[in-house]
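The structure under discussion appears below in the form of structure tokens.
Below, chain A is the first sequence line, B the second, and so on; all start at residue 1.
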Protein chains: 2
Amino acid sequence: MARTTGSDGERTEAAIREAALKLIARHGYEAMSMRQLGEEVGVQAAALYRYFPNKEELLFTLLREHMEGLIASWDAARPAARDPFGSLSAFVRNHIGFHVARRHSTHVSNLELRSLSPANLTAILRMRNSYEKELRQILRDGAETGAFAIDDVGLTAMAIIQMITGVIVWFRPDERLSVEEVAETYHAMTMRLVGAAEISAGASPPARRATSEN
Amino acid sequence: MARTTGSDGERTEAAIREAALKLIARHGYEAMSMRQLGEEVGVQAAALYRYFPNKEELLFTLLREHMEGLIASWDAARPAARDPFGSLSAFVRNHIGFHVARRHSTHVSNLELRSLSPANLTAILRMRNSYEKELRQILRDGAETGAFAIDDVGLTAMAIIQMITGVIVWFRPDERLSVEEVAETYHAMTMRLVGAAEISAGASPPARRATSEN
DNA sequence: GAATTAAATGAACGGTCGTTTTATTCTCTG
DNA sequence: CAGAGAATAAAACGACCGTTCATTTAATTC
């Protein structure tokens with residue numbers, strides 16, 4: 001046999017990306033073989049090389065598109081006004097929403113950077129840094145205007161990123177909480193973490209469930 | 001040749017563990033070959049099988065000992081008094097100190113669980129859960145006594161764990177900040193995150209430092 | 001409907017993998 | 001100082017790896 005009936009390059013390429021994300025997220029990049037990937041797609045391993053020159057370039061494409069999507073998502077969600085509270089609020093919600101919606105590529109992005117060649121790694125880290133810079137700028141604005149009380153902008157940014165990215169480690173969409181509820185709780189935690197002034201216009205107040213005063 | 005002069009089983013076994021942690025942390029479990037590990041130790045690959053029955057059992061041993069060490073470390077650091085503030089404080093500092101001191105095994109523990117067989121994975125997750133349960137209990141105590149203001153104990157515990165474990169992703173001991181300074185800042189962030197009452201005995205105040213550059 | 005292009009096959013390549021087997025050398029015990 | 005057993009080397013095992021190649025078939029074009 002050779003070309004199969006109904007075969008379509010675009011559809012196959014999309015299927016390869018999706019299957020690769022799933023397999024790499026589950027078993028890891030090194031543990032996924034090209035034969036295994038081919039089987040998941042429903043194609044011989046050799047056919048994969050019509051779409052990607054080699055295995056690492058496939059990984060790089062997946063990582064690059066994840067980062068491009070993340071940056072584009074933030075560009076769309078970023079508020080027009082330069083308000084630290086509103087900006088941080090939007091950042092946290094967008095970050096959690098994006099990553100929960102793309103669990104597979106998020107896992108790959110978090111775990112498989114070490115499998116990239118130095119050149120490709122640099123390219124990804126550059127994108128990641130430009131994204132994280134957005135958060136640092138928000139925090140710096142908030143610290144300067146007095147909206148936030150922050151010890152160290154760099155450390156706080158890393159802490160927030162780790163915290164809100166960590167959602168995907170345990171979150172399952174079909175369980176106790178919806179994405180919105182989780183995002184809401186994480187939003188409240190973030191605001192307390194940065195020492196945000198309690199009352200701020202346009203932001204939903206943290207829903208205190210346990211005992212509290214203030 | 002065969003047995004080399006000065007060879008010693010115990011020393012070789014320790015060298016294998018250390019080398020394996022280093023190589024797995026850097027390249028990943030799947031990417032590390034037994035020949036590569038042997039070379040790092042200064043031994044033929046076949047000699048490794050005197051100490052570990054196979055590759056996965058080696059990984060499992062490393063993970064198990066990491067978790068045992070973490071739990072033992074917390075047992076030693078846990079305050080006698082049932083004080084939420086003091087307990088949380090000790091938990092954060094111990095967690096960061098332990099993980100920074102063992103970067104390699106921490107990386108392995110965070111990234112390589114997926115390479116374990118189901119039975120071994122269950123054993124590790126059981127240990128991890130019992131450790132995290134300690135934090136949840138502290139948070140629950142604090143919420144009940146009014147020391148903390150917490151929306152959701154489970155979510156807050158995960159957020160804190162992710163945040164303080166994330167230190168090892170970026171922390172380098174020879175740079176700007178010492179472990180103690182980092183732990184201090186993370187401690188302050190954690191306390192704000194859980195809505196700890198502002199004034200509490202025995203807690204050092206957060207050291208305000210100028211905001212860092214991008 | 002023939003020619004061309006796109007898509008995929010199946011076999012094969014040289015290597016490397018984890019692991020086993022066998023043989024040898026060294027250290028330790030009595 | 002002889003013997004036992006621990007520690008290692010060296011070679012080999014079959015399986016699988018990423019990748020290439022010539023070929024075949026399906027879809028498209030003229």
Side-chain angles (χ1 to χ4, degrees), chain A residues 1-24 26-63 108 112 114-117 119-120, chain B residues 1-24 26-63 108 112 114-117 119-120:
Chain A
M1 269 209 294
R3 178 165 189 176
T4 53
T5 60
S7 62
D8 177 333
E10 279 193 31
R11 238 186 305 136
T12 302
E13 180 165 350
I16 292 173
R17 287 167 202 256
E18 196 180 338
L21 283 175
K22 174 179 164 187
L23 291 177
I24 297 175
R26 181 172 306 167
H27 306 294
Y29 170 77
E30 300 278 354
M32 177 196 75
S33 75
M34 297 300 269
R35 286 171 178 81
Q36 189 184 357
L37 175 57
E39 193 175 11
E40 181 81 19
V41 176
V43 127
Q44 289 281 345
L48 304 172
Y49 289 83
R50 291 197 64 76
Y51 303 95
F52 299 94
N54 52 55
K55 195 184 177 187
E56 198 212 310
E57 207 62 32
L58 166 58
L59 174 64
F60 178 61
T61 299
L62 299 176
L63 292 171
V108 175
E112 306 298 347
R114 64 183 167 203
S115 297
L116 289 177
S117 69
N120 285 342
Chain B
M1 269 209 290
R3 180 166 188 177
T4 55
T5 60
S7 63
D8 178 333
E10 281 192 30
R11 240 187 304 136
T12 303
E13 181 166 349
I16 292 173
R17 287 168 204 255
E18 197 181 337
L21 282 176
K22 175 179 162 186
L23 290 178
I24 297 175
R26 182 172 307 167
H27 306 294
Y29 169 77
E30 299 279 354
M32 177 196 74
S33 75
M34 296 300 270
R35 287 169 179 82
Q36 189 184 358
L37 175 57
E39 193 176 9
E40 180 82 18
V41 177
V43 130
Q44 289 279 346
L48 304 172
Y49 288 84
R50 290 223 129 258
Y51 304 94
F52 300 94
N54 52 56
K55 194 184 178 187
E56 197 212 311
E57 206 62 32
L58 166 58
L59 174 64
F60 178 61
T61 299
L62 299 177
L63 292 171
V108 175
E112 305 297 347
R114 64 183 168 202
S115 297
L116 290 176
S117 67
N120 285 342

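Non-hydrogen atoms lying under 4.0 Å from DNA chain C are contributed by A:Val43, A:Gln44, A:Ala46, A:Ala47, A:Arg50, all within residues 43-50 of chain A.
Rounding to whole angstrom units, CZ of residue A:Arg11 and C1' of C:dA8 are separated by 14 Å. Rounding to whole angstrom units, NZ of residue A:Lys55 and C1' of C:dT16 are separated by 13 Å. Protein atom CZ of A:Arg35 is 9 Å distant from nucleotide atom C1' of D:dT19, rounded to whole Å. B:Tyr51 places its OH atom 17 Å from the P atom of C:dT19, with the value rounded to the nearest Å. Computed from coordinates, the B:Glu39 CD to C:dG18 P distance equals 14 Å when rounded to whole Å.
When the C1' atoms of four end pairs are superposed on the next four at each end of the helix from C:dG1-D:dC30 to C:dG30-D:dC1, using five pairs per end, the two resulting axes differ in direction by 10°, to 10°.
By the salt bridge (Lys or Arg N to Asp or Glu O under 4.0 Å) test, A:Glu112 is found to be paired with B:Arg114, residues two or more places apart in sequence or in another chain being considered. Residues satisfying the side-chain contact (heavy atoms from CB on, under 4.5 Å) criterion with B:Val41, sequence neighbours excluded, are B:Ala15, B:Ile16, B:Ala19, B:Leu37, B:Val43.
Counting only heavy atoms from C-beta outward, the side chains of B:Glu30 and A:Tyr29 never approach each other to under 4.5 Å.
Judged as a salt bridge (charged side-chain N to carboxylate O under 4.0 Å, His left out), the pairs with a partner in residues 36-48 of chain A (not counting sequence neighbours) are, in order, A:Lys22-A:Glu40. Sorted by first and then second residue, the salt bridge (charged side-chain N to carboxylate O under 4.0 Å, His left out) pairs with a member in residues 42-62 of chain A form an empty list; sequence neighbours excluded.
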